[in-house]
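Note that ligands are numbered from 1 as they come in the structure, with each ligand's atoms numbered from 1 the same way. Sequential numbering from 1 along the given sequence is applied to the chain's residues.
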Amino acid sequence: MNAPGRASDGWVNPLLDDRDKRLPRIAGPCGVIVFGVTGDLSRKKLMPAIYDLAARGLLPPGFALVGFARREWDNENFAELVHDAVREHARTPFREEIWARLSEGIRFVPGSFDDDGAFDKLTSVVSDLDQERGTGGNHAFYLSIPPAMFPVVLKQLARTGLATRDGDQWRRVVIEKPFGHDLRSARELNEIVSDVFSEESVFRIDHYLGKETVQNILALRFANQLYEPIWNSNYVDHVQITMAEDIGLAGRAGYYDGIGAARDVIQNHLLQLLALTAMEEPLCFSPESLRGEKIKVLSATKLVEPLDETTARGRYTAGWQGGTKVIGVLEEPGFQDSTTETFAAVTLNVDTRRWAGVPFFLRTGKRLGRRVTEVAVIFKRAPHLPFEKTMTTELGQNALVIGIQPDEGVTIRFGSKVPGTAMEVRDVTMDFRYGTAFTESSPEAYERLLLDVLLGAPSLFPVNAEVELSWAILDPVLEHWAKQDRPEPYAAGTWGPSGADRMIAGAGRAWRRP
Ligand code: BG6
């Protein structure tokens, strides 16, 4: 029998679990098999996250890491790649003894995805690891590969029996976005995945959910009495969710062309932020409760029309960023003939009693003025101001801003008396900063999510219904834009196309300039 609060798959109900929450959660015997191991994500995020987990003592002693790629490499060559990636990108300092232990479990299988022989070899490597390292038949298959390759790899995992578990073992598949290109392709993709793995074995990574500051939205809302009473249309005027990047395509033109800002970021990260901001209180933090509430709120989320006025898209031209001259997106190699947007903004309503009439403005873009991701809840003005007009000319609207990155924290903006003999009121801010309030540094999103995969804790992974609902929200915008001309230009280093300003001005609001 499982201990109270603990399910057989390792998921722990925090309400029933009697363990000390400060105790680290350590993964049991297992291995991770990464497809697409030579890619950017693997080198910059996955390999360093695995090392960081090892350095924090959160991986089992016999942990195994298997790379699969079309390279004529042996185990040592692959270990070298991991070593360099860790040295360059890991969060925690490099320690020889940690590396020595980790590298003992590193294996490499050369081959292409349609090569039956290579997958047969992978099968024997995995079963050898079960003997040599005691991985116990528990394996996660990480698909860090283009979605077009998913069917081939999944078919191989099914054919070789790698996707099948025996008894108490587990086999899980981890999928990186994009989860499809639109609703139809997302459904097709899901059918392909669910032919091989059951839904509880599928972990879809939206790395924003692994960020501490994103999880803090739940703590802020549901652990406090202060905010929830005003978290509704009686008090909130509108919500702005911004994910601004200062980087350009950073060598990812091949991936980005045909995808664009809306598919790359709004469909997943920003709609997840909206869901966490707008959802009702979950019964508890079980995966079912949390995902259930997100599904409800996404079902109630609707585009505001007409889309010509309530959406905007753009692409950056040459400009200045941080004192450096940068090229426009059309000068990026591989992007010359593209009509793909690098900036996207949409207006949404959440049709529930709580949010009726409160617009949610979402925007994201590359090469914007500054790197910042935030959720800004802007409150209505006080219904009455018992001051002379001249005393409050510099008073804005109250705001609560959840800083996701790089300023991790929460800022509240409110009016305060300016020192002096007159009653002049002006905006001031009150700040909570992670860096000053806590001594621990935040783990990287991938560290948290990888550990959750190995623990079988699915709360922070969107289920298929969330993915499909998000596409259903976005599809009409994508179809609308596809019929239009090219995206509107904006100079690199600015805050996007003028259409985005027109969009929000049309709703009687203005963007924050973070
Ligand atoms: C990814 C997008 O999901 O998120 C990238 O594909 C984007 O285009 C990245 O640059 C941003 O992630 P972060 O964690 O740096 O905000």
Side-chain angles (χ1 to χ4, degrees), residues 36 39-46 48-49 52 89 91 142-147 174-181 186 203-217 241-274 276 313-316 321 326 329 332 334-335 338 340-345 362-375 402-409 434 441-450 460-462 466-467 470-471 474 492 496 514:
D40 237 30
L41 179 84
S42 166
R43 281 188 303 108
K44 291 191 180 148
K45 300 287 181 191
L46 299 184
D52 286 324
H89 299 290
R91 181 175 66 90
Y142 202 117
L143 307 193
S144 180
I145 54 176
V174 186
I175 305 180
E176 275 287 342
K177 62 171 252 286
F179 312 119
H181 199 71
F203 288 71
R204 297 173 186 83
I205 295 240
D206 182 320
H207 78 281
Y208 263 61
L209 295 178
K211 291 182 191 268
E212 289 285 326
T213 41
V214 172
Q215 292 160 43
N216 192 40
I217 299 175
I241 302 182
T242 299
M243 177 185 158
E245 294 188 279
D246 52 6
I247 53 168
L249 294 194
R252 292 166 76 229
Y255 157 79
Y256 204 79
D257 187 14
I259 291 200
R263 287 188 174 94
D264 186 39
V265 165
I266 295 184
Q267 189 273 341
N268 37 79
H269 308 326
L270 295 197
L271 283 173
Q272 284 289 326
L273 288 178
L274 177 145
L276 295 175
R313 64 176 185 148
R315 64 177 171 200
Y316 64 84
Q321 195 133 45
V326 295
V329 75
E332 295 268 1
F335 216 76
S338 177
T340 301
E341 83 281 355
T342 60
F343 177 101
L362 275 47
R363 65 174 161 166
T364 183
K366 304 254 182 219
R367 285 269 185 248
L368 296 184
R370 170 180 168 225
R371 175 173 180 251
V372 59
T373 302
E374 62 170 38
V375 176
I402 302 167
I404 308 293
Q405 64 189 26
D407 304 322
E408 304 184 325
Y434 266 81
S441 70
S442 300
E444 276 281 326
Y446 276 93
E447 258 173 273
R448 168 67 199 261
L449 295 177
L450 257 173
L460 297 180
F461 299 82
E466 292 168 71
V467 172
S470 302
W471 281 121
L474 207 58

How far does CG of Asp52 sit from CZ of Arg448, to the nearest 0.5 angstrom? 15.5 Å
Measure from NZ or CZ of Lys211 to the centre of the six-membered ring of Tyr208 and say whether it is under 6.0 Å with the direction within 45° of the ring axis. yes
Electrostatic pair Asp40-Lys45, nearest N-O below 4.0 angstrom: no
Heavy-atom cut-off of under 4.0 Å around ligand 1: list whichever protein residues fall inside it, by chain and number. Lys177, His207, Tyr208, Lys211, Met243, Glu245, Arg252, Tyr255, Asp264, His269, Lys366, Arg371, Gln405
May I ask you to decide whether Glu245 forms a salt bridge with Arg367, counting only side-chain N to carboxylate O separations under 4.0 Å? no
Check: Phe461 and Asp206 side chains under 4.5 Å, non-hydrogen atoms: no
What orientation do His207 and Tyr446 show, parallel under 30°, tilted 30 to 60°, or perpendicular over 60°? parallel
